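One structure below.
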Amino acid sequence: MSSSFPTCSQFRVSIVGSGNVGSALAQRVAEKNLADVVLLDVVRGRPQGLALDLMEARGVERHDRHIFGTNDYLDTANSDVIVITAGLPRKPGMSRDDLLLTNAKIVRDVVKQAIAHSPHAVIIVVTNPLDVMTHLAWAVSELPPHQVMGMAGVLDSARFQTFIAMELNVSVSDINATVLGGHGDLMVPLPRYSTVNGIPITELLPETTIDKLIERTRNGGAEIVELMQTGSAFYAPASSACAMVEAILYNKSRLLPIAAYLQGEYGLNEVFIGVPCRLGCGGIEKIIELNLTESELTALHTSAKSIRENIDRANQLLAATV
Ligand code: TXD
C-alpha cells in the first residue's frame, strides 16, 4: 500500500446526480480533503445551491477544496474520477430491479456525456440496480473494464460489519466483513471470511444468529427505505463510494469488494458482479479469487444469472424505446 500522499493534488471528482448520495459524497470528498468536486444534476439550481452551501462550510471545516455546481458537462472536463449517482431511488415495496428501465436510460445518457469530456476517468457507478447499471455504463463508455466499476460490496460489507459488531458488542473497527455477489436479494455474505480481529465469526456465533445477521444485511437497504418512506440510504453509501474514490486518487491498493467485470474468474464471464479487488490509481488492478465452497460458488453463480437476465431485459427495454 502506498503511503506517499501528494500534498497539493489537483484531483477532480465529478459527481453526476446531486441527490442524497451525490451531495453526501461531495461533502465527504471535500471535507476529507481528497479532491475538488464538481456536482452535476439535471435540476437547475440544485447542484449550484448545494455547492455554494458546501463552499460556505469550508471556513468552519477548515479546508480549501473547491466545490462547483453545474448543469453543464463541460464543467466536468478532465475529471480523474466520475461517480454516477443519477437516477431514481427505491420507494417502499419496490425492488432495485423495479428501477431498471428509468435508470438505464438515465445512466446511458449521463455516462455518454460525462466520458466525452473526461476520456481518461475512472467511473464508479452507484445507481441501482447496481450491477446492471455498471454493465450499461461500461458498454456506453467504451473504456477498458478495469476503469469501470460499481459500488455495492463496500456498503453491503459495512452493513454486515455493523450487525456483527452490534450482536457481539465489540468495536466495529475490529471487524472485517465480506459480502460478494450482486447488490440485491441474492448477494453472498461470507461468514467464513468475516472476522473479528482475525477470528472467523463462525467461531464466535451460532449458525442461527449468523443467518439472522445475513438476512438483515440482505434487507439492509429495504429496512432503511421502509423507515424513511421517501428516499433511501445515503450516508453509508456515500462513505462507501468515498473509500473507493480515495483508493483510486491516492493509489492506495485497497482490497475491497467491488462490482467488477469478470473474464473467467470464479467461472464467470462477461458480467459485472461483486468480488474482492485491489483498487489503485488505474482502477481495478487485480481481481482476487477466493477459495469458495461449492454452496458459496453456487450462490455467486445464481446471483450472476439474475444480473445477466436483467442486463438482457434492460437492453430489450432500451431497444424498444429508441
Ligand atoms: O449501494 C448502492 N449502490 C446504492 C445505490 C446505495 C444507495 C443508493 N443507491 C442508488 O443510487 C439509488 O437507488 C438511486 O438509483 C441512486 C441515487 O440515490 P439517491 O438517494 O441519491 O437518489 P436521489 O436523492 O433521488 O438523487 C438522484 C439525483 C436527483 O437529484 C436527480 O435530479 C438526478 O439524480 N438525476 C439526474 N442527474 C443528471 N442527469 C440526469 N439525467 C438525471 N436524472 C436524475
Side-chain angles (χ1 to χ4, degrees), residues 14-28 38-51 69-73 75-76 82-92 94-115 123-137 140 149-160 179 181-185 187 217-225 228-245 256-259 272-274 307 314:
S14 285
I15 302 171
V16 181
S18 309
N20 282 337
V21 178
S23 54
L25 176 61
Q27 181 182 9
R28 296 250 196 281
V38 179
L39 261 175
L40 185 143
D41 204 279
V42 73
V43 176
R44 305 226 158 256
R46 181 173 170 83
Q48 291 85 346
L50 289 166
T70 184
N71 307 110
D72 187 343
Y73 283 87
D75 295 318
T76 67
I82 299 169
V83 186
I84 309 293
T85 73
L88 300 191
R90 283 193 284 171
K91 297 197 176 83
M94 275 175 99
S95 79
R96 293 179 178 93
D97 293 342
D98 292 335
L99 302 169
L100 197 63
L101 178 62
T102 316
N103 285 354
K105 280 198 219 153
I106 292 173
V107 166
R108 190 179 56 173
D109 175 53
V110 304
V111 169
K112 224 183 262 173
Q113 298 194 66
I115 208 66
I123 296 184
I124 302 174
V125 179
V126 175
T127 307
N128 272 325
L130 189 273
D131 310 271
V132 183
M133 293 305 121
T134 309
H135 198 109
L136 290 183
V140 170
M149 66 201 74
M151 185 292 289
V154 178
L155 173 65
D156 295 328
S157 302
R159 285 181 173 150
F160 196 25
V179 179
H183 184 51
D185 302 340
M187 67 178 71
T217 303
R218 283 213 174 96
N219 293 323
E223 185 178 354
I224 291 175
V225 170
M228 288 173 52
Q229 289 294 305
T230 52
S232 58
F234 57 95
Y235 289 121
S239 295
S240 306
C242 188
M244 292 170 65
V245 168
L256 298 171
I258 290 168
F272 278 86
I273 191 164
I307 294 166

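Note that ligands are numbered from 1 as they come in the structure, with each ligand's atoms numbered from 1 the same way. As the structure is a computational prediction, the values presented were derived from the model and not from experiment.
Annotation: atom 26 (O) of ligand 1 to nearest protein heavy atom, Gly19 CA, 3.2 Å. Summary of contacts: the protein heavy atom closest to atom 36 (C) of ligand 1 is Ala86 CB, 3.5 Å. Among all non-hydrogen protein atoms, the one lying nearest atom 27 (C) of ligand 1 is Gly87 O, 3.1 Å. At the top of the distance list for atom 22 (O) of ligand 1, counting protein heavy atoms only, stands Pro89 CG, 3.6 Å. Ranking the protein heavy atoms by distance from atom 16 (C) of ligand 1 puts Thr85 O, 3.6 Å first.
Under a 4.0 angstrom heavy-atom cut-off, Ser18 registers as being in contact with ligand 1.
In terms of polar-atom proximity, Met151 is counted as a contact of ligand 1, with an N or O under 3.5 Å from an N or O of the ligand. Close N/O approach between Pro237 and ligand 1 is not found [any backbone or side-chain N/O within under 3.5 Å]. Ligand 1 has a nitrogen or oxygen under 3.5 angstrom from a nitrogen or oxygen of Val126. The distance criterion of under 3.5 Å between nitrogen or oxygen atoms is met by Asp41 with respect to ligand 1. Polar contact check, Leu40 against ligand 1: no nitrogen or oxygen pair lies under 3.5 Å apart.
Looking at Asp156 against ligand 1, nothing comes within 4.0 Å, counting heavy atoms. Contacts of Val21 with ligand 1, taken as heavy-atom pairs under 4.0 Å, involve both backbone and side chain. At a heavy-atom distance under 4.0 Å, atoms from both the backbone and the side chain of Asn128 approach ligand 1.
Side-chain contact between Ile84 and Val126: absent, with no pair of heavy atoms (C-beta onward) separated by less than 4.5 Å. Using a 4.5 Å cut-off on side-chain heavy atoms (C-beta onward), Ile15 and Val38 make no contact. When side chains are defined from C-beta on, Met187 does not count as touching Phe160, because their heavy atoms never get closer than 4.5 Å.
A side-chain donor-acceptor contact under 3.5 Å links His183 and Asp156.
Looking at residues two or more places apart in sequence or on another chain, you find a salt bridge (Lys or Arg N to Asp or Glu O under 4.0 Å) between Arg218 and Glu215.
Residue nearest to atom 1 (O) of ligand 1, selected from His183, Gln113, Met133, Lys105: His183 (by heavy-atom distance).
Closest of all the heavy-atom pairs between Pro92 and Gln229 is CD-O, 3.1 Å.
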